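These figures come from a predicted structure and were not determined experimentally.
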Amino acid sequence: MADNNNMVCDLQTGVCGVAEDEEMEMIDFNQPSKTINLYYVTDPICSHCWALEPDLRRFVEQYGNHFNLHKVMGGLLEKWHDGPIDPANGIHKPADVAVHWREVGAHSRMPIDGTLMIDNPVQSSYPPSRVFKVIQQRFTDAKAAEYLRRSREALFAFNQNISDKSVMIDIVNKIDLDGEVIVNEAEDQVGDQWLHEDFDLVRSLGVRGFPTIIMINEENNGVKIVGSRPLEDYVNGLKKVLNLNELQPKPVPSLSRLLEKEKLLFSKEIEVMYDLGQDDVKAFIEQELSENHYQVNEILGELYIMSYDL
């Protein structure tokens, strides 16, 4: 007669009955270790990094389970001086940046105002980079990434000088940290030390421009992808370092979950994440989100949505 104490309900069939006689089974619940390190070398005032946000976000959402992401500060602008800063893009003085940024914004459709660089130019990207490093070291990578995102929104779309101390404090406060404490620490020696550790890493990786993404596998072989590229370039790079012909992407998150995480999304970011045409975005938002959870605005001819939590 069967042992009635050894009963089980089958999840597949829904039928409950006597369990088969089998030995106690050992199961390994550890997730497979991520063997790829992905270094994203960037800077708070890098316009091409801003242009990359839609494709990079989808790449991380769908393939981030394969790699450890490290955001590294590259030090784009220490200070303005008499010589050319970026001769390849015709940048010798702050006003030249405004022209370049507007071109990047028009091409990428990630909105960039740029007039700040004529009226109240960012004098250095080092101050917000140091704040990023303090948050990364003292708190989490996620909090540091949130600060970087809010800084870029403030600079490119909303025309705020993110190297100004009061602006940095305000941005940090808005991500629920103590802005004054963190910005003051960033101005101390430790902030500079952590930033220069990133610079040392950037040199060791052989990076000379931003954005640059480097993926390295456990055999210490890797790929380097320079510039703002489409999603498939990053997927193909990941396949190479994993030595795989195909990768199964994770499903994209729902718009409600994505907005809850990101707080603010521009039309281009929604288009890239959900394979939509520009004209389809508004209807998609209305279909996916409850009215009382978001607001729709427009800036520089581009639609964007904000969570009421922002």
Heavy-atom pair of closest approach, residues [X] and [Y]:
{"X": "Lys224", "Y": "Gly206", "value": "NZ-O, 2.9 Å"}
{"X": "Val134", "Y": "Gly191", "value": "CG2-CA, 4.3 Å"}
{"X": "Val167", "Y": "Ile162", "value": "CG1-CA, 4.0 Å"}
{"X": "Gly179", "Y": "Asn173", "value": "N-OD1, 2.8 Å"}
{"X": "Val97", "Y": "Met117", "value": "CG1-CG, 3.8 Å"}
{"X": "Ile169", "Y": "Glu180", "value": "CG2-N, 3.8 Å"}

Run the side chain to side chain contact (heavy atoms under 4.5 Å, CB included) check on Leu303 and Ile285 step by step: do they pass? CA-CA 11 Å; Leu303 176 148; Ile285 292 168; 3.8 Å; yes

Are any non-hydrogen side-chain atoms of [X] and [Y] less than 4.5 angstrom apart?
{"X": "Thr42", "Y": "Leu76", "answer": "no"}
{"X": "Leu155", "Y": "Gln160", "answer": "no"}
{"X": "Leu289", "Y": "Ile305", "answer": "yes"}
{"X": "Pro127", "Y": "Met168", "answer": "yes"}
{"X": "Ser163", "Y": "Ser124", "answer": "no"}
{"X": "Tyr308", "Y": "Gln295", "answer": "yes"}
{"X": "Asp233", "Y": "Pro230", "answer": "yes"}
{"X": "Ser307", "Y": "His293", "answer": "no"}

Are [X] and [Y] connected, step by step, through hydrophobic side chains (Ile, Leu, Val, Met, Phe, Trp, Tyr) whose heavy atoms are closer than 4.5 Å?
{"X": "Phe158", "Y": "Val131", "value": "yes"}
{"X": "Met306", "Y": "Met273", "value": "no"}
{"X": "Tyr304", "Y": "Ile270", "value": "no"}
{"X": "Ile112", "Y": "Leu265", "value": "no"}
{"X": "Val296", "Y": "Val281", "value": "yes"}

Ion pair present between [X] and [Y], side-chain N to carboxylate O less than 4.0 angstrom?
{"X": "Lys71", "Y": "Asp141", "answer": "no"}
{"X": "Glu146", "Y": "Arg149", "answer": "no"}
{"X": "Lys263", "Y": "Glu153", "answer": "no"}
{"X": "Arg229", "Y": "Asp55", "answer": "no"}
{"X": "Glu269", "Y": "Arg57", "answer": "yes"}

For Leu238, the other hydrophobic cluster members (4.5 Å side-chain criterion, sorted by chain and number) are Ile36, Leu38, Tyr40, Leu52, Leu56, Phe59, Val60, Tyr63, Phe67, Leu69, Ile213, Met215, Val223, Ile225, Leu231, Tyr234, Val235, Val241, Leu242, Leu244, Leu247

[atom2] on [Y] to [atom1] on [X], rounded to 0.5 Å:
{"X": "Lys174", "Y": "Leu177", "atom1": "NZ", "atom2": "CG", "value": "14.0 Å"}
{"X": "Trp194", "Y": "Gln189", "atom1": "CH2", "atom2": "CD", "value": "11.5 Å"}
{"X": "Ile171", "Y": "Ser151", "atom1": "CD1", "atom2": "OG", "value": "4.0 Å"}
{"X": "Ile182", "Y": "Arg130", "atom1": "CD1", "atom2": "CZ", "value": "15.0 Å"}
{"X": "Ser228", "Y": "Glu53", "atom1": "OG", "atom2": "CD", "value": "10.0 Å"}
{"X": "Met73", "Y": "Leu201", "atom1": "CE", "atom2": "CG", "value": "11.5 Å"}

On the 0 to 90° scale, with breaks at 30° and 60°, tag the Phe199-Tyr126 ring pair as parallel, tilted or perpendicular. tilted

Tell me, which pairs form a salt bridge (Lys or Arg N to Asp or Glu O under 4.0 Å) where one or both residues lie in residues 103-122, sequence neighbours left out? Arg109-Glu271, Arg109-Glu302

Residues 276-291 vs salt bridge (Lys or Arg N to Asp or Glu O under 4.0 Å), sequence neighbours excluded, gives none

Close aromatic pair by centroid cut-off 6.0 Å: Phe266 and Trp50: yes

Indicate, with yes or no, if the rings of Tyr274 and Phe284 have centres closer together than 6.0 Å. yes

Partners of Gln123 by side-chain contact (heavy atoms from CB on, under 4.5 Å), sequence neighbours excluded? Trp80, Pro121

With sequence neighbours left out, what residues match Lys250 under side-chain contact (heavy atoms from CB on, under 4.5 Å)? Asn65

Output all residues satisfying ring pair (Phe, Tyr, Trp, His ring centres under 6.0 Å) with His107, sequence neighbours left out; order by chain, then residue number. none

So, Asn184 versus Lys165: side-chain donor-acceptor pair below 3.5 Å or not? yes

List the steps, then state whether side chain to side chain contact (heavy atoms under 4.5 Å, CB included) holds for Asp198 with Val41. CA-CA 9 Å; Asp198 269 19; Val41 183; over 6 Å; no

Counting only N and O atoms by type, is there a donor-acceptor contact under 3.5 Å from the side chain of [X] to the main-chain atoms of [Y]?
{"X": "Asp170", "Y": "Ser166", "value": "no"}
{"X": "Asp188", "Y": "Val190", "value": "no"}
{"X": "Ser108", "Y": "Met110", "value": "yes"}
{"X": "Lys133", "Y": "Asp192", "value": "no"}

CG/Asn243: more than 12 non-hydrogen atoms of other groups inside 6.0 Å: no

For Glu197, I'd like to know if atom CD has over 12 heavy atoms of other residues, nucleotides or ligands within 6.0 Å. yes

Go through the steps for Ser125 and Asp43 under the test side-chain hydrogen bond (donor to acceptor under 3.5 Å, both in side chains), then give the verdict. CA-CA 7 Å; Ser125 67; Asp43 186 275; 2.9 Å; yes

Can you check side-chain hydrogen bond (donor to acceptor under 3.5 Å, both in side chains) on Ser47 and Arg152, steps first, answer last? CA-CA 9 Å; Ser47 59; Arg152 285 182 171 149; over 6 Å; no

Apply side chain to side chain contact (heavy atoms under 4.5 Å, CB included) to Asp178 and Val172, showing your working. CA-CA 7 Å; Asp178 191 323; Val172 177; over 6 Å; no

